[in-house]
Structures are given as C-alpha cells and as structure tokens.
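Since the structure comes first, as structure tokens, the remarks are kept for the end.
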Number of protein chains: 2
Amino acid sequence: MDIAVLGYGVVGSGVAEVISLNEKKITDKLGGERINVKYILDLRKFPGDKNEDKIIDDFNIILNDGDVKIVAEAMGGLHPAFEFVSSCLKAGKSVVTSNKELVAEKGDILLETAKENNVNFMFEASVGGGIPVLRPIIQCLAGNDIDEVAGILNGTTNFILSKMIFDSMSFEDALKLAQEKGYAEKDPTADIEGFDACRKICILAALCFGSHVYPKTVYTEGITKITLEDVEYVRSWGGVIKLLGRAKKAGDKISAMVTPALVKNSSILSGVNGVYNAVLVRGNAVGDVAFYGQGAGKMATASAVVGDIIDCAQNIGKNKGIGWNKAADGAVIDISETETSLYVRASGCKDSSLEKAKEIFGDITVLSRDNAPEDEFAFVTPEGKEGALREKLEKLDGTELLSVIRTVNY
Amino acid sequence: MDIAVLGYGVVGSGVAEVISLNEKKITDKLGGERINVKYILDLRKFPGDKNEDKIIDDFNIILNDGDVKIVAEAMGGLHPAFEFVSSCLKAGKSVVTSNKELVAEKGDILLETAKENNVNFMFEASVGGGIPVLRPIIQCLAGNDIDEVAGILNGTTNFILSKMIFDSMSFEDALKLAQEKGYAEKDPTADIEGFDACRKICILAALCFGSHVYPKTVYTEGITKITLEDVEYVRSWGGVIKLLGRAKKAGDKISAMVTPALVKNSSILSGVNGVYNAVLVRGNAVGDVAFYGQGAGKMATASAVVGDIIDCAQNIGKNKGIGWNKAADGAVIDISETETSLYVRASGCKDSSLEKAKEIFGDITVLSRDNAPEDEFAFVTPEGKEGALREKLEKLDGTELLSVIRTVNY
C-alpha cells in the first residue's frame with residue numbers, strides 16, 4: 001500500500017525510518033501487505049539522503065495519485081497543514097498527524113471531514129509522543145464516563161523541574177542545560193510558558209468530554225516563576241512541583257488549565273521525571289489509570305505515527321467513528337471558579353503574618369525550608385474557589401506575595 | 001444489541017452494573033444502539049436482585065439464541081469456561097473475558113476459533129484489571145518491535161510489599177491485613193506464590209512476541225521469603241523490592257519469569273504502590289512506555305470487559321486479527337541462562353566473607369542496614385548468567401545464604 005509523508009523534518013524522517021526498521025513486523029501485522037513510502041513532500045533538497053528519490057515539492061502529485069491511500073502529515077504549524085490535510089481527506093485518503101496545533105485548532109472540522117468521506121483522521125502522536133493515550137481513551141475506557149484528565153505533557157519543562165528538584169539547579173541553568181541537550185528550542189517560549197502543554201490538554205479534553213476545546217479559552221501559566229525556594233518548601237510538604245495540563249467536568253461545562261501544581265509524593269505523577277510524560281485519566285468505573293513514556297523524540301513520536309498508519313491500513317473504506325462536537329461558547333469556566341487549595345510563599349513579619357493567615361483561612365499547613373530568611377514564610381490554604389482564596393490573600397496586608405501555586409489531588 | 005453474561009460473581013455483576021451506570025455514554029458510542037443484558041448464567045439463585053429475571057442456569061438457551069451476538073465470560077476457571085467460550089465462538093458469537101487462566105492456557109486455540117468463525121475473542125480485563133494494556137500493545141505499538149515486557153501484575157502482593165516498605169510491617173502481618181481488607185483470599189497461595197502474575201505475564205508475552213507461552217514453562221517464585229531485613233538493605237541500595245512478571249527476547253527464544261526483584265527508585269515501577277498494577281513495555285522505537293492503574297476490583301475490571309463488549313459491537317462480522325502462534329517446544333529458556341545480577345544476604349564472618357565475595361565476583365556493591373547483627377552482610381553482584389552467578393555463590397564457604405533476589409534494569 002502506497003503512502004506519502006508530508007514534511008521530512010525530525011518526525012517525517014523518523015516515520016520513514018521506523019517503517020524501514022520494522023518492515024517485517026508491520027507487513028506481518030497487515031497480513032502480508034507492505035507499506036511503501038511513495039512520496040515525501042518537502043521544499044528542501046536532501047542530496048545523498050537514502051530517500052532522496054522520493055522527495056517532491058508539489059503537493060498535487062500526492063493529492064492526485066489514487067494509489068496513495070494514507071498520508072502522514074509531519075510538517076507542523078497550521079498552514080498549509082490544514083489545507084493539505086483537508087484536501088487529502090476529501091480526496092478519499094486517510095490522514096495521520098503528529099501536529100498538535102492542527103488537532104487542537106481544527107480537530108473537530110477535520111474529524112467531520114474524515115467521517116463525510118469515509119476515511120480516518122488519526123493523531124496519536126500529537127499528545128505524549130509515542131505514549132499510547134488516545135486509542136486507550138477512545139476504546140479501552142469506552143465503558144467509563146471520564147471525570148478528569150491530567151498530565152505532564154511537556155518533556156522540556158519536566159526536565160527543567162526535575163533538575164531543580166533533584167540537583168537544586170536554578171531555573172535558568174536548567175533551561176540552558178535543556179537547550180544544550182537539544183530538549184529545548186533556542187526560543188523556548190512555547191514550552192516554558194505552557195503553550196505546548198495547552199494544545200495537548202485541549203486534545204485530551206475533547207476526547208474525554210466530547211466537545212472541542214480551543215487553546216485560547218484555557219488559562220495557561222508556565223514555570224518561569226518557579227524558584228528553588230518553592231521547590232524546597234514543597235519538599236517539606238511531601239511533594240513536588242510539576243507543570244500539569246488538566247481538565248475536569250464542572251456540571252455541564254468543564255474546567256481546564258495549564259499551571260504548575262503541587263503533587264504529593266504518593267501520586268504516580270510525582271515519579272515522572274526528566275523528559276518523560278504521563279497522562280492520568282479518572283473514570284467513574286476504572287478509577288485512576290495512567291500512561292507513561294517519552295513525550296517526544298524522533299523515533300518515539302514516529303512510532304506512534306506508524307501505529308496510526310497501520311490502523312488506517314486495516315480500516316480502508318471504514319471510518320472508525322472518532323469525533324467530537326464543536327466547541328460551545330463559554331464551555332470552559334473561568335479559573336476563579338475552579339476548586340483548589342493554594343501554596344503561598346511570602347515575606348513580611350513571619351509570626352504575625354502566619355497568625356493573620358490562620359485567622360483568614362482557618363486551617364493552614366505551614367511549611368519550612370533550611371536557611372530561610374527571617375521574614376520568609378510559606379503555607380498551604382484549605383480548599384476553596386480560587387477567586388475566593390485570592391480575595392482572602394489580599395487581606396494579608398503587610399506582606400509581599402512571592403509565589404502562589406495551585407495544588408492537585410491526583 | 002443483546003448480550004449474555006456468564007457468571008454473576010464479582011466481575012459478572014460489575015459488568016451488568018457498568019452497563020447500567022454508563023448506558024447513555026455507551027449508547028452514544030455505538031451510534032444509538034443499546035447494549036441489552038438479556039441473560040446472566042449462574043447456577044445460584046439471587047432472590048431480590050435487580051437482575052433476578054435475567055438469571056438462567058441453562059447455557060444452551062444462550063448458545064441457541066441467535067439474537068445474542070456477544071457473550072461476556074466471567075466465571076473463571078478453565079472448565080467449563082473453555083467449552084462454553086469455544087461453543088459460543090463456533091456459534092458466531094463474539095466473546096470477551098476477564099479469565100486469565102483461560103487465556104493463558106487456551107488463548108491460541110480460542111483466538112484461532114474466533115478467526116475461523118469471523119467473530120472476536122477479547123480479553124483486556126484478564127491482565128491489569130481495568131488498565132488498558134492489551135489494545136495499546138496490539139494497536140498503538142504496532143509500529144514497534146517489542147523487546148521486553150514487565151509488570152507489577154498482582155495487587156495483593158504489591159499491597160503486602162508496600163506495607164513492608166512503608167510501614168515496616170512483617171510479611172505475615174501485611175498478609176493478614178490484606179485478607180482483612182478483602183485484597184487477599186482466605187487461601188492466598190495463587191497470589192503470594194506468583195501463580196496469578198505468571199498467567200498474566202504469559203498473556204503479555206504472547207501478545208508482544210507472537211507465540212503462546214504456557215504458565216508451566218515459566219519459572220515462578222513468590223514473595224513469601226522476603227523479609228524486612230531485605231527491604232532495609234535494598235533501601236540502602238536506592239530501591240525497593242517488587243514482585244515482577246517479565247519476558248524478554250533471547251535470540252529466537254524468550255526468557256520469562258515471575259520473581260521478586262530489586263527495582264531502582266528512579267524506575268517508574270518503584271512508585272507503583274498498594275493494590276495498583278503497572279505494565280512496562282520496551283519497544284525498539286518508542287523506548288519504555290508504561291500503563292498504570294488498579295489491577296483488580298469489581299468496577300475497574302468490569303469496565304475493561306465493557307470496553308471489549310463495545311469494541312465487539314463495533315466489529316460485528318469482522319475479526320480484528322488478534323492472534324498468536326502455538327507455543328514452540330523449548331521456547332522459554334532456562335532461568336540459569338538469563339542475565340541478571342543478584343542481591344545476596346548472608347551470615348558468617350562478615351569481613352572475610354565480603355573479602356571472599358570480592359575475589360569471586362570482582363566488583364560487588366556492599367549494602368548496609370541499621371541494627372544488623374555482627375555476622376550479617378549483604379551485597380549485589382555484577383551482571384552475569386544466573387547459573388554462573390549461583391555457581392560462584394557456592395564458593396562462599398563458611399557462610400549461610402539467607403536471601404538471594406534478582407535485580408532488573410527497568
């Protein structure tokens with residue numbers, strides 16, 4: 001069966017490599033049918049590359065070749081990826097993608113187009129790299145009503161936080177190291193500000209709750225303000241700070257956000273370190289289940305794309321019924337309406353401030369760290385609506401708030 | 001669509017409950033088609049039960065009812081489960097099961113029967129309760145050649161070991177507590193001797209490597225000999241003791257075993273505590289991925305059965321191609337041929353024995369614990385073939401071996 005790959009960058013070249021590496025396994029899986037990469041679309045030239053003869057720069061050759069039944073989109077970005085994918089689906093070709101931006105912004109439309117044309121649109125590699133996440137949620141947990149989904153969805157920030165936790169490395173040094181190791185881009189904004197994780201939680205929320213969620217509607221906060229002081233206080237609380245994307249049912253709406261969060265050491269998420277990712281799903285029958293693995297990397301991501309290609313090849317002429325509704329206006333509640341407790345680090349007159357905090361919040365948990373300045377203190381509030389907790393914080397006069405971080409109960 | 005449930009015990013009644021609890025979600029998933037539990041087979045009576053009117057004691061009513069397209073087997077045991085399942089498949093009904101003994105002993109035959117009759121035989125609930133494991137391995141990791149699979153596959157023993165690790169509770173007390181909480185049976189042999197985990201690793205190995213593996217061919221050792229002294233020494237090594245089932249390619253054969261094993265604290269498996277289970281899969285493209293959740297429990301297990309029922313309902317008239325070859329003679333290598341390093345606890349003249357151990361093994365890692373008797377010592381050997389390591393151990397004359405436990409590199 002002929003396929004085409006759009007984009008010969010990290011993921012695209014990985015797809016060609018995995019298909020070649022595991023050719024026998026894949027052919028067996030398909031009952032003897034071989035997957036043949038017929039075209040690779042890229043505007044660049046790759047002289048001397050083993051796939052040089054397959055590289056073309058005219059998308060229409062792929063679109064008009066009826067033998068190409070499956071297209072793997074690995075260009076990234078919204079345009080022209082959206083137009084290309086849309087055209088392929090309309091031309092009766094199944095499409096698989098690793099492009100999280102495309103799925104987070106246009107997933108509802110593309111899934112609908114796939115259904116109308118009796119082909120498939122699959123995107124396992126768009127969340128969690130090679131970790132099987134989407135298919136388990138759609139198929140294995142089909143017997144569950146899913147209440148919550150949360151995850152460590154970005155390897156770069158998890159690497160940085162792990163370095164801060166285990167090696168007491170500063171945020172800046174850890175970021176520099178991540179860049180040296182190739183985990184972080186030269187411009188790391190999309191990772192460290194949480195935008196990458198935001199796209200992924202939008203895809204997960206749509207899958208779990210059945211309606212499209214636009215990234216722009218999801219409160220997103222990165223890890224740039226996390227300090228080693230916070231890491232130490234949270235250690236005394238018996239936990240770690242992780243950047244989490246999370247979404248939860250809130251009546252007929254949902255709450256969704258990307259923020260740093262305090263995770264207890266007893267949580268499986270606390271043990272997810274370095275560039276690893278994990279996704280936790282809370283179902284009404286199964287309880288908590290989690291999926292763990294490398295969230296990025298050429299071969300891991302490519303292997304998920306190839307898994308989708310195989311699934312498409314097994315389902316030629318049959319739409320598998322993956323889909324979700326369009327986003328409803330105001331479907332995501334404001335973050336001030338979400339339930340949480342807050343970790344607070346502040347400076348001021350320690351004893352009287354803590355006294356005051358107890359008056360305001362009732363039962364607080366006071367934290368400690370070695371070598372803290374005289375005037376620094378930290379505590380965790382009881383649970384409440386975030387808006388109400390923030391209002392109470394304003395009553396802590398005479399103190400300067402240094403950090404405020406949410407807690408979670410995963 | 002009509003279905004039947006065989007057995008109205010914990011899992012069977014859970015299946016009826018999950019179908020009722022999540023009726024709307026399931027019906028949506030099936031494009032408006034409702035799953036109707038028409039019969040429940042059980043020899044017992046359940047007066048006053050809400051499903052009383054569905055309970056029958058004649059299997060032939062189910063077998064001969066052409067409207068029943070899917071049968072959920074939740075009786076357990078090999079007979080008559082095998083005969084019933086086999087008859088159903090031959091009568092053109094898809095079958096889903098939570099029965100690990102059935103799949104581990106007869107999986108190859110039943111999958112073949114399903115293929116011949118163009119129906120499906122699914123068994124997600126037979127490994128890891130509600131954790132999605134089988135479908136991710138079959139479908140999502142289809143682009144990978146899988147090198148290894150390992151897991152914490154038994155919740156009872158993991159609960160006991162967790163109590164020993166975190167609360168310094170003795171094995172006997174922890175077992176008693178597990179029985180009080182209903183995690184362990186009155187006769188806990190199948191759990192604590194590793195037989196339950198053995199069936200599960202056989203199913204995982206068959207799925208990952210494509211050939212049936214019989215439980216009787218897999219070396220199986222339980223946790224009854226693990227002591228708090230071992231737990232303490234292993235803590236100083238930076239790890240924990242877990243009961244692992246594991247299987248690995250060894251040339252064109254496989255190595256497979258169930259044994260206690262030393263797991264480093266940096267491993268995701270070390271953070272799997274209490275009654276939780278996890279399965280780790282090592283693929284040649286994706287690297288390590290892991291799946292985590294409750295390995296047992298009525299609703300969790302039932303939700304996996306229901307996930308399979310939905311998949312069967314979506315694939316009426318189409319065999320999904322799950323299957324593996326018959327077991328080859330001698331497919332599993334002898335444990336003496338497997339690569340490992342060994343943790344050893346012994347008593348004797350400490351200093352001279354450790355000196356001798358260094359002579360025999362070369363580079364050993366000496367461990368310590370508080371309040372150890374003068375004549376007790378513990379160390380970890382370098383890697384080697386288990387048979388060769390055991391031969392070397394015999395040369396440690398003048399010492400009494402108290403514990404020998406394998407290490408793993410997951």
**Request:** Could you tell me which portion of A/Ile138 (side chain, backbone, both or neither) has an atom closer than 4.5 angstrom to a non-hydrogen atom of chain B?
**Result:** both
**Prompt:** So what's closer than 4.5 Å to chain B heavy atoms on A/Lys24: side chain, backbone, both or neither?
**Reply:** neither
**Prompt:** B/Asp311 versus chain A, heavy atoms under 4.5 Å apart: side chain, backbone, both or neither?
**Reply:** side chain
**Message:** Taking A/Tyr183's backbone N and O only, do any of them form a donor-acceptor pair with A/Thr156's side chain (distance below 3.5 Å, no angle check)?
**Reply:** yes
**Message:** Between B/Met299, B/Gln314, B/Lys318, who has the most heavy-atom pairs with chain A when the cutoff is under 4.5 Å?
**Reply:** B/Met299
**Asked** Is any side-chain heavy atom of A/Lys298 less than 4.5 Å from a side-chain heavy atom of A/Ser13?
**Response** yes
**Asked** Looking at A/Glu124, A/Glu17, A/Lys25, which makes the most heavy-atom pairs under 4.5 Å with chain B?
**Response** A/Lys25
**Asked** Which atoms of A/Leu141 come close to chain B, meaning under 4.5 Å heavy atom to heavy atom: side chain ones, backbone ones, both, or neither?
**Response** both
**Asked** Taking B/Ala300, B/Gly271, B/Ala290 one by one, which has the highest count of heavy-atom pairs under 4.5 Å against chain A?
**Response** B/Ala290
**Fill in**
Heavy atoms of B/Ser162 and B/Gly274 approach each other most closely as OG-N, 2.9 Å
**Prompt:** In terms of heavy-atom pairs under 4.5 Å with chain A, which of B/Ile310, B/Val281, B/Leu21, B/Val286 leads?
**Reply:** B/Val286
**A/Ala302 to A/Val18 - nearest heavy-atom pair and separation** = CB-CG2, 3.9 Å
**Prompt:** Parallel, tilted or perpendicular: which describes the rings of B/Tyr276 and B/Tyr292, with under 30° parallel and over 60° perpendicular?
**Reply:** parallel
**Request:** Against chain B, work out which of A/Ala285, A/Pro136, A/Gly129 has the most heavy-atom pairs shorter than 4.5 Å and name it.
**Result:** A/Ala285
**Prompt:** Who wins among A/Gly307, A/Gly130, A/Ala142 for the most heavy-atom pairs under 4.5 Å with chain B?
**Reply:** A/Ala142
**Request:** With a 4.5 Å cut-off on heavy-atom pairs, point out which of B/Val289, B/Ile268, B/Asp288 contacts chain A the most.
**Result:** B/Ile268
**Complete:** Of the listed B/Asn284, B/Ile26, B/Val279, the one with the largest count of heavy-atom pairs under 4.5 Å with chain A is B/Asn284
**Message:** Can you tell me which portion of A/Gln294 sits under 4.5 Å from chain B's heavy atoms? Options are side chain, backbone, both or neither.
**Reply:** both
**Item:** Electrostatic pair A/Arg246:A/Glu148 at N-O distance under 4.0 angstrom
**Value:** no
**Asked** Rounded to the nearest 0.5 Å, how far apart are CD1 of B/Ile131 and SG of A/Cys140?
**Response** 11.0 Å
**Message:** For chain A, which candidate among B/Val306, B/Asn144, B/Ile137 shows the most heavy-atom pairs at distances under 4.5 Å?
**Reply:** B/Asn144
**Item:** A/Lys163 and A/Asn273: side chain donor to acceptor below 3.5 Å
**Value:** no
**Test side-chain contact (heavy atoms from CB on, under 4.5 Å) applied to B/Asn120 and B/Asn319, step by step** = CA-CA 5 Å; B/Asn120 289 291; B/Asn319 176 273; 4.0 Å; yes
